[in-house]
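One structure below.
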Amino acid sequence: TESKYRHGGNLKTRSSELGSAVTGSSLTTVLPASPTVKKSKVLSSESREELAKQAKETKEERRAQIDGRHRYLISRLADGIDLSEQQVEETIISDNKFFAPCGLKKLLFFYQDVLQQKSNASLRPDGSTNNLPQKNLFITMGSTEDFTGTCAFFLRTSDEVITASNVSQEVNFGMFDCSNGNILQGLEFFLSQIMIPALKSQQNWGAVKEGLKNSQIQEFLYAVDKFVGTLSSSRQNIEDKIQLTKVDIDVYVRNLQNPSDYITAG
């Protein structure tokens, strides 16, 4: 047996002997039985069904709690993105923290193409599936998904409890369009055509009694104007960038045989 292990021996014989040495029987009795693996798969499937059931119940509970605050958000969002209120409602009820006292300061929605896989889609020869882009509205924190479409947002202006009577005063709604894929152009349009005109026409600046006559307010507006100008200039520079043409270098080096040829070519 010692000689057999030293020179390799028969692998099947060695495995059998090792199994017998450990358990007193063949090695196959040490391996876990296959029914145990199947049982874990069944439990996993049952767990997924239970989670789906709980999620559905939670969704219906939230739907039953929809009030005038939610209806205000649903109406503004549906009008802005041109969707039905029922479509927006399905997305709105997935959030329940925005209206809480000292809750989230922002509520972001992306409406853009999302790859949807058909349930009956067949595999391609390379093993991939046929995914089709489809417009979808979903809540996001804005940091995990690429922004390629339209962003709609609600911003809280204070930590006050939001009620059906004050939601229009305490919550601001806005949209940011990037449907052409150019984020800089969308941001420039949003600031120059929406935010800056709104700021310059604002009469109430809270604790600043002088309003637009205040020097700090004027400096702030000047800084925003300057930023938009810099943003516009940077965008134009990027769009007008020089595109270098790929050169087939083989045409030039094909006949170079020795160092003197390279020196001449240089």
Side-chain angles (χ1 to χ4, degrees), residues 54-112 114 135-179 183 186-212 214 216-217 220-221 224 228:
Q54 293 177 2
K56 184 177 180 181
E57 292 175 353
T58 301
K59 198 171 185 179
E60 292 306 317
E61 290 176 0
R62 291 177 179 174
R63 192 190 305 277
Q65 296 173 358
I66 288 180
D67 55 24
R69 302 171 301 172
H70 300 85
R71 290 298 174 193
Y72 175 80
L73 267 60
I74 291 172
S75 175
R76 297 299 305 272
L77 195 54
D79 289 342
I81 300 183
D82 195 20
L83 292 174
S84 69
E85 292 193 359
Q86 182 178 3
Q87 289 174 294
V88 175
E89 180 181 304
E90 292 299 317
T91 306
I92 285 286
I93 59 179
S94 63
D95 173 81
N96 64 347
K97 299 178 182 178
F98 185 67
F99 292 129
C102 299
L104 295 175
K105 289 294 187 181
K106 64 180 180 180
L107 187 59
L108 296 181
F109 297 84
F110 281 180
Y111 182 60
Q112 60 191 27
V114 177
K135 287 282 189 180
N136 191 21
L137 177 68
F138 57 92
I139 292 180
T140 176
M141 294 302 295
S143 57
T144 55
E145 298 88 3
D146 292 334
F147 177 39
T148 60
T150 300
C151 173
F153 57 87
F154 294 94
L155 302 177
R156 294 182 59 157
T157 59
S158 70
D159 291 329
E160 296 291 330
V161 177
I162 298 177
T163 64
S165 59
N166 70 2
V167 61
S168 59
Q169 288 79 36
E170 296 294 334
V171 177
N172 293 328
F173 173 71
M175 294 182 61
F176 178 75
D177 185 31
C178 183
S179 55
I183 295 180
L187 178 60
E188 179 186 342
F189 178 85
F190 175 73
L191 292 176
S192 62
Q193 302 299 319
I194 300 175
M195 292 304 299
I196 291 180
L199 289 172
K200 290 183 176 180
S201 63
Q202 182 169 309
Q203 300 297 322
N204 183 7
W205 287 85
V208 182
K209 302 301 182 181
E210 300 173 354
L212 293 174
N214 183 275
Q216 292 182 331
I217 298 297
F220 167 72
L221 293 176
V224 176
V228 173

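Judged by distance alone, the side chain of R156 and the main-chain N or O of V171 form no donor-acceptor pair under 3.5 Å. Side chain of S75 to main chain of R71: no donor-acceptor pair is present (N/O by atom type, distance under 3.5 Å, no hydrogens or angles).
With sequence neighbours left out, the ring pair (Phe, Tyr, Trp, His ring centres under 6.0 Å) criterion links Y72 to no other residue.
Expressed to the nearest 0.5 Å, how far OG1 of T157 lies from CD1 of I162 amounts to 7.5 Å. We find the CG-CD distance between L83 and Q86 to be 11.5 Å, quoted to the nearest 0.5 Å. With rounding to the nearest 0.5 angstrom, the CD atom of E160 is 8.0 Å from the CG atom of N166. For the atom pair F173 CZ and L73 CG, the distance stands at 8.5 Å (nearest 0.5 Å). With rounding to the nearest 0.5 angstrom, the CD1 atom of I81 is 5.0 Å from the CE atom of M175. To the nearest 0.5 Å, atoms CD (E89) and OG1 (T91) are separated by 10.0 Å.
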When you look at K105 and L155, which way does the side chain to side chain contact (heavy atoms under 4.5 Å, CB included) test go after all the steps? CA-CA 6 Å; K105 289 294 187 181; L155 302 177; over 6 Å; no
Determine, stepwise, if the pair N136 / F110 fulfils side chain to side chain contact (heavy atoms under 4.5 Å, CB included). CA-CA 8 Å; N136 191 21; F110 281 180; over 6 Å; no
From CA spacing to verdict: side chain to side chain contact (heavy atoms under 4.5 Å, CB included), H70, F99: CA-CA 9 Å; H70 300 85; F99 292 129; 3.6 Å; yes
Before giving the answer on side chain to side chain contact (heavy atoms under 4.5 Å, CB included), spell out for I194 and F176 the whole-Å C-alpha distance, their side-chain angles and the decisive distance to 0.1 Å. CA-CA 10 Å; I194 300 175; F176 178 75; over 6 Å; no
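Looking only at side-chain heavy atoms (C-beta outward), V88 and L137 come within less than 4.5 Å of each other. At a threshold of 4.5 Å between non-hydrogen side-chain atoms, the residues F189 and L187 do not count as touching. For the pair R76/F154, a side-chain contact is recorded, criterion being any heavy-atom separation below 4.5 Å from C-beta on. You'll find the side chain of I139 stays beyond 4.5 Å of the side chain of L108, heavy atoms only. A 4.5 Å side-chain heavy-atom check between E188 and Q193 finds every atom pair outside the cut-off.
Across all their heavy atoms, G211 and I217 have their closest contact at O-CG1, 3.5 Å. Taking both residues in full, the closest heavy atoms of L212 and K200 are given as CD1-O, 3.1 Å, listed atom of the first, atom of the second, then distance. Nearest heavy-atom pair across P197 and S192 is CD-O, 3.3 Å.
Within a 6.0 Å sphere centred on CD of Q54, other residues, nucleotides and ligands contribute more than 12 heavy atoms.
By the 6.0 Å and 45° rule, K106 does not stack over the aromatic ring of F153.
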Just list the side-chain donor-acceptor pairs under 3.5 Å for residues 141-152, sequence neighbours left out, or say none.
residue: E145; atom: OE1; partner: T140; partner atom: OG1; Å: 2.5
residue: T148; atom: OG1; partner: Q112; partner atom: OE1; Å: 3.4
residue: T150; atom: OG1; partner: D177; partner atom: OD1; Å: 3.3

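Ion pairing between E170 and R69 fails under the 4.0 Å rule for side-chain N and carboxylate O.
Looking at S84 and Q87, their side chains do bring a donor and an acceptor atom within 3.5 Å of each other.
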